[in-house]
Amino acid sequence: MGVALRNILTDFKQPADPDKLKGVAAIDSYNALYQFLSIIRQPDGTPLMDEEGRITSHLSGIFFRTANFLSQGIRPVFIFDGQPPDMKSKTIQERKDIREESKVKWDKAKREGDLTGAFRYAMSSSVVDAYILSSARTLIQLMGLPVVDAPSEAEAQAAYMAGKGDADYAVSQDYDTLLFGTPVLVRNLTISGKRRFHGRQVTVQPERVILSDVLTNLEITREQLIEIAILTGTDFNPGIRGIGAKTGLKKVKSGDFESIVREKLPDFDPEPVKDFFMNPPVTDSYSTEINRIDSDAIRSFLCDKHGFSPDRVDPVLEKISKKEKQKTLESWF
DNA sequence: CAAGGAAA
DNA sequence: TTTCCTTGG
């Protein structure tokens with residue numbers, strides 16, 4: 001779910017014009033897939049599915065959005081999670097419980113004809129399971145796009161790659177990537193700028209957050225930003241009731257982090273969490289190279305296997321191939 | 001969410 | 001043309 005730092009970051013978000021977005025984008029795949037699964041649904045919450053009943057919402061999302069990325073000069077790299085740290089197990093269990101409760105509420109809302117509720121509960125019942133991950137990976141690779149296997153958290157790996165300069169920015173809706181030290185975070189990276197909110201469509205701009213701006217303006221270090229996050233709660237520790245980002249900022253700057261943790265969370269040692277954000281497991285074994293798109297294989301995967309309409313798929317494939325040829329030609333001169 | 005067609 | 005609404009799988 002990420003971290004509740006919004007209240008102290010609002011001042012440093014800047015709308016990102018398309019030019020600033022050109023380059024290598026390190027995408028937190030789980031985050032993107034969850035987004036697609038929750039939003040790409042029918043009004044009663046039913047996701048897109050093929051004839052066999054397999055969910056295809058995420059494939060639609062990846063295919064069309066990624067095609068747009070390429071046409072805009074955005075070169076996506078999809079980072080997949082590895083082994084989560086033990087500290088995350090409580091959060092993982094909580095998410096599972098919420099999903100299961102939501103599923104029950106979704107069915108109930110559907111029975112009662114409550115479409116708004118149905119859609120909302122359907123969203124929060126979304127599950128990124130092994131099938132979602134493997135089918136997403138298949139499509140990404142057929143599109144010629146790089147996949148990176150993070151040893152642990154994908155957000156940590158994305159931040160690492162952006163820090164090294166192998167990616168120009170990290171893409172996620174969550175702010176955790178900043179804690180992991182990404183120099184630049186981009187949120188709301190969509191093309192149409194449309195997102196559904198309470199079932200309604202609203203326009204949202206892609207926004208860029210520059211870590212150094214945040215730290216300079218708040219006059220804190222990254223360690224201190226992590227301390228604020230720890231006080232409000234992260235995926236790796238419960239927060240303290242009554243402390244939000246603003247109070248957290250104040251307490252951390254006045255040097256009260258340790259004493260508050262001792263008082264309010266006596267059984268909790270913040271050091272492992274701090275250390276995980278500062279020095280997470282990452283790998284150098286990756287490539288950000290883009291390969292040729294396999295249009296025939298994509299047609300077969302999306303249309304033959306998953307019931308997509310060739311009328312919708314073909315024009316997109318053509319557009320990507322055309323762009324690809326342009327690039328190849330340019331590189332000769 | 002993104003595409004495509006309808007409506008304005 | 002631009003915006004709105006529905007469909008997609």
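Chain naming here is simple, since letters A, B, ... match the order of the sequence lines and numbering starts at 1 in each.
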Find the distance A:Gln42:CD to B:dA2:P and express it as a whole number of Å.
18 Å
Distance check needed: B:dA3 C1' versus A:Ile40 CD1, whole Å only.
11 Å
Between C1' on B:dA2 and CD1 on A:Ile74, what's the gap in Å once rounded to a whole number?
15 Å
pair A:Asp166-A:Tyr286: side-chain heavy atoms closer than 4.5 Å:
yes
What integer distance in Å separates A:Ile320:CD1 from B:dA3:P?
11 Å
Tell me the interatomic distance from A:Phe308, atom CZ, to C:dG8, atom P, rounded to whole angstroms.
12 Å
Touch check for A:Pro315, heavy atoms < 4.0 angstrom, all strands: base, sugar-phosphate only, or nothing?
nothing
Does A:Arg65 have a side-chain nitrogen or oxygen under 4.0 Å from the phosphate oxygens OP1 or OP2 of B:dA2?
yes
State, yes or no, whether a side-chain contact exists between A:Lys305 and A:Arg299 at a heavy-atom distance under 4.5 Å.
no
Base, sugar-phosphate or nothing for A:Ser309? Non-hydrogen atoms, less than 4.0 Å.
sugar-phosphate
For the backbone of A:Asp213 and the side chain of A:Asn217, can you confirm whether one donor and one acceptor N or O come within less than 3.5 Å of each other?
yes
Identify whether any heavy atom of A:Gly61 sits under 4.0 Å from a base atom; if not, whether one sits that close to sugar-phosphate; answer base, sugar-phosphate or nothing.
nothing
Out of B:dA3, C:dG9, C:dG8, minimum distance to the side chain of A:Asn68 belongs to B:dA3
Determine whether a donor-acceptor pair (N or O, by modelled atom type, separation under 3.5 Å) exists between the side chain of A:Asp81 and the backbone of A:Ala154.
yes
Value in whole Å for how far the P atom of C:dG8 lies from CD1 of A:Ile62
21 Å
Identify, residue by residue, the members of residues 129-147 of chain A with a heavy atom below 4.0 Å from DNA chain C, and return them in order of residue number, or none.
none
For A:Ser135 and A:Leu59, which heavy atoms make the closest approach, and how far apart are they?
O-CD2, 3.7 Å
Just so I know, are the side chains of A:Phe308 and A:Ser60 near enough to count as touching, which here means a heavy-atom distance under 4.5 Å?
yes
Can you check the A:Phe64 CZ to C:dT7 C1' distance for me, whole Å?
11 Å
Applying side-chain contact (heavy atoms from CB on, under 4.5 Å) between A:Phe257 and each of A:Arg262, A:Lys274, A:Gln224, A:Glu223, report the one that passes.
A:Lys274
Length of the CG-P vector between A:Asp311 and C:dG9, whole Å
9 Å
